[in-house]
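Heads up, the thing below is written out as structure tokens.
So that the names make sense, note that chain A is the first sequence line, chain B the second, and so on, each numbered from 1.
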Amino acid sequence: MRFRAAPAPSGELHVGNVRTFLFNWLCARHVGGVFILRIEDTDRARFTEEAYLSALEDLRWIGLDWDEGPEIGGTFGPYRQSERAEMHRNAGMRLLEMGAAYRCFCTAVELDERRKQAMSEGRKPGYDSRCDQLTESQIAANMQNDLQWTVRFRVPKQGSLTFDDLVVGSVTVDHSQIDDFVILRSDGSPLYQLGVVVDDAEMQITHVVRGDDHLSNVPKQILLHQALGAEPPIFAHVPQVFGPDRKPLSKRHGSTSIGEFRNGGYLPEALFNYLVLLGWGTAADTILTRADLVRLFDIEHVHASPAMFDFKKLDWMNGEYIRMLDDEEISRGIEPWLARAKLVGVPATEEQREMISKIAPLIRSRIKKLDESVHYARPFFEEVAIEQVAFEKVMREPHVLELLDRATEALGSAEIWDASHIEEALRAIQTAMDLKPKTAFMPFYVAVEGSTVGAPVFDAMAILGKQTTLDRIAIARSLLV
RNA sequence: GCCCCCGUCGUCUAGCGGCCUAGGACACUGCCCUCUCAAGGCGGAGAUCGUGGGUUCGAAACCCAUCGGGGGUACCA
């Protein structure tokens with residue numbers, strides 16, 4: 001079985017589209033079939049080379065590998081549609097010669113006027129097939145006069161067409177609902193409908209899994225396949241992804257492109273997992289690895305109804321995946337974010353890396369997205385700038401001065417500098433002063449980490465070292481008097 | 001307008017005629033744990049399965065209608 005993903009890279013790859021690519025990939029891997037990547041770059045006005053390159057990068061980032069396609073080739077290439085225009089045109093002309101299509105001399109303006117006219121009179125706005133009535137001599141005359149013409153596919157006027165969609169089920173469309181549609185523009189270039197069909201046929205695609213905005217194209221495409229003497233593929237149309245307002249997910253809802261999620265501190269395996277669960281699920285688990293998904297995924301159980309994108313659930317899931325990372329992976333993962341915040345160099349020095357690996361286990365369970373690591377890591381790389389609100393709320397308490405003084409003395413004379421000894425020393429003070437743990441320790445968070453939220457403070461002190469810790473306490477104390 | 005598709009807790013889903021007084025997850029919330037924040041553990045609230053008719057001994061599941069939503073109706077993809 002052969003599946004394909006066909007992105008049209010005009011900007012950044014949209015998560016909704018990527019989800020359908022994921023479905024294709026999963027189908028192919030599930031049955032041990034072939035996954036093909038084909039770039040639909042026919043729309044020269046919108047396509048950019050930059051978008052194309054970043055699309056490939058995004059696909060690889062989220063873990064999609066293709067068996068045939070750009071950069072790796074394959075027996076059915078080329079895999080960029082723009083390089084196949086000749087093939088499409090030939091197919092279109094063949095259809096014309098066979099009599100399955102005909103020349104249309106109506107101009108775009110005429111068509112437009114008639115459409116508006118029909119609409120205002122409440123009639124069906126479609127093409128009326130008038131050029132199909134042209135006689136041989138009329139056509140010859142038009143050609144003689146150098147009139148521009150397009151090629152239109154002739155759709156049967158009677159009967160209907162039924163097909164079985166793997167997701168949607170049985171769909172029936174009356175032929176009368178489909179107009180004779182253009183397959184070749186007046187400049188000879190192919191239109192989308194022709195292009196996909198020729199490519200799917202040539203590449204021997206057996207299953208077309210795509211967004212349901214293409215559902216109404218199916219009858220046209222089946223007709224084209226048949227006219228071309230090819231077996232139509234099996235279709236599966238998955239619904240779109242919606243935003244919280246039940247409208248198709250778009251920019252105004254927040255991040256929508258793969259690049260934005262990557263730059264937002266998300267892990268590819270988490271996004272992968274989440275996207276597949278949008279419109280599909282199992283009774284048992286929600287956290288499913290790539291291998292689990294390959295084993296379990298079943299396109300026929302994908303919902304035919306649209307799913308809303310839930311950013312909060314994605315965040316939770318990302319946190320789950322972060323917690324599954326080992327220290328080494330966490331360290332590698334957060335380094336770019338620390339670099340971006342200018343806490344470490346690019347690349348980080350050995351010394352910085354050592355520090356990162358020390359704080360990584362402290363950070364792991366506290367963040368949902370990698371970029372949040374910056375807050376927890378900052379005090380380990382920079383002088384502390386105490387948050388104003390934290391200072392006002394915590395350091396103004398009457399016991400703080402004495403607390404800091406006692407701590408300075410106890411920690412100053414500490415023989416062994418590790419988290420448990422630090423804790424022991426500070427707990428002794430807490431008990432002596434008869435304070436609740438929280439009240440006793442909070443000032444140290446503020447003094448040492450600059451915030452009421454941070455890595456566990458005894459560990460932080462241990463990592464920062466005795467001198468730095470005492471210095472920071474001294475600075476905080478100086479702010480009190 | 002016409003055509004096609006869709007409709008289970010706020011959200012993602014399980015469900016494929018009796019196991020459903022509808023299960024799980026996110027979010028929300030109570031308690032526990034606790035040096036902050038998290039994480040974790042144990043509970044709670046939340047869906048008469050869009051609505052109205054049928055079919056059936058029995059329906060969330062099948063049929064019809066209705067309402068609501070989405071898509072298409074291009075010399076866009």
*asked:* Mind checking if A:G279 touches a base, just sugar-phosphate, or nothing, with heavy atoms under 4.0 Å?
replied: sugar-phosphate
*Of A:L277 and A:Y192, whose closest RNA chain B nucleotide lies nearer the 5' terminus?*
A:L277
_For the residue pair A:K358 and A:F380, would you count it as a cation-pi contact if the rule is NZ or CZ under 6.0 angstrom from the ring centre and within 45 degrees of the ring axis?_
no
_Check A:R295 with A:D292, please: is the shortest side-chain N to carboxylate O separation under 4.0 Å?_
yes
*Paired with B:rG1 by Watson-Crick or G-U wobble geometry, both distances under 3.5 Å: which nucleotide is it?*
B:rU73
*Within the side chain of A:D285, is there an N or O that forms a donor-acceptor pair under 3.5 Å with the backbone of A:I287?*
no
*Please work out if A:T172 contacts a base, only the sugar-phosphate, or nothing of the nucleic acid, heavy-atom cut-off 4.0 Å.*
sugar-phosphate
*Listed nucleotide nearest any side-chain atom of A:A304, set B:rC6, B:rU73, B:rG71*: B:rC6
*Which one is paired to B:rU51, where only Watson-Crick or G-U wobble pairs with both distances under 3.5 angstrom count?*
B:rA65
*Would you mind classifying the nucleic acid contact of A:D174 as base, sugar-phosphate or nothing, using non-hydrogen atoms under 4.0 angstrom?*
nothing
*Taking side chain as C-beta onward, heavy atoms only, is A:D405 less than 4.5 Å from A:R477?*
yes
_Between the base of B:rA77 and the ring of A:H214 - centre-to-centre under 5.5 Å, planes within under 30° - is that a stack?_
yes
*Atom P, compared across B:rC64 and B:rG69: separation rounded to whole Å*: 23 Å
*Provide the Watson-Crick or G-U wobble partner of B:rC33, both distances under 3.5 Å; none if there is no partner.*
none
Taking only N/O atoms, report every protein-nucleotides 8-11 of chain B pair under 3.5 Å with atom names and distance.
{"unit_1": "B:rU11", "atom_1": "OP1", "unit_2": "A:R246", "atom_2": "NH2", "d": "3.2"}

*Just wondering, more than 12 heavy atoms not from A:E329 lying within 6.0 Å of its CD?*
yes
*B:rC12 OP1/OP2 closer than 4.0 Å to side-chain N/O of A:R19*: no
*Would you say the side chain of A:D315 lies within less than 4.5 Å of the side chain of A:K369, judging by non-hydrogen atoms?*
yes
*Considering residues, nucleotides and ligands other than A:K466, do more than 12 of their heavy atoms fall under 6.0 Å from its NZ?*
yes
*Does the B:rC75 base have a donor-acceptor partner in the side chain of A:S186 within less than 3.5 Å?*
yes
*Checking all strands, does A:R152 fall into the base, sugar-phosphate, or nothing category for heavy-atom contacts under 4.0 angstrom?*
sugar-phosphate
*asked:* Does A:H301 reach a base, just sugar-phosphate, or nothing at all? Heavy atoms under 4.0 Å.
replied: base
*Just call it for A:S170: base, sugar-phosphate, or nothing, with non-hydrogen atoms closer than 4.0 Å on any strand.*
sugar-phosphate
*Which part of the nucleic acid, if any, lies within contact of A:C106, taking any heavy atom under 4.0 Å across all strands shown: a base, the sugar-phosphate backbone alone, or nothing?*
base
*Using a cut-off of 4.0 Å on non-hydrogen atoms, how would the nucleic acid contact of A:P219 be classed: base, sugar-phosphate, or nothing?*
nothing
_Closest listed nucleotide, where the reference is the side chain of A:L278 and the choices are B:rC76, B:rC12, B:rG70_ = B:rC12
_Side-chain heavy atoms of A:L184 within contact of A:L95, under 4.5 Å_ = no
_When you compare the side chain of A:D327 with that of A:R364, does any pair of heavy atoms fall below 4.5 Å?_
yes
*Does any non-hydrogen side-chain atom of A:Y192 lie less than 4.5 Å from one of A:Q221?*
yes
_Separation between the P atoms of B:rA47 and B:rA22, rounded to whole Å_ = 10 Å
*Reading nucleotides 34-50 of chain B from the 5' end, what letters show protein touch, with B for base, S for backbone sugar-phosphate only, - for no heavy atom under 4.0 Å?*
-BBBBSS----------
_A:H237 (side chain) and B:rC6 (base): donor-acceptor pair under 3.5 Å_ = no
*Identified pairing partner of B:rA25, criterion: Watson-Crick or G-U wobble below 3.5 Å*: B:rU11
*Could you check whether A:Q240 gets within reach of a base, just the sugar-phosphate, or nothing at all, counting any heavy atom under 4.0 Å?*
sugar-phosphate
*asked:* If I pick the P atom on B:rC31 and the same atom on B:rC20, what distance separates them, to the nearest angstrom?
replied: 32 Å
*asked:* Check whether A:F309 forms a cation-pi arrangement with A:R19 (NZ or CZ under 6.0 Å from the six-membered ring centre, at most 45° off the ring normal).
replied: no
*asked:* Does the structure show a Watson-Crick or G-U wobble partner for B:rC57, both distances under 3.5 Å? Name it, or say none.
replied: B:rG18
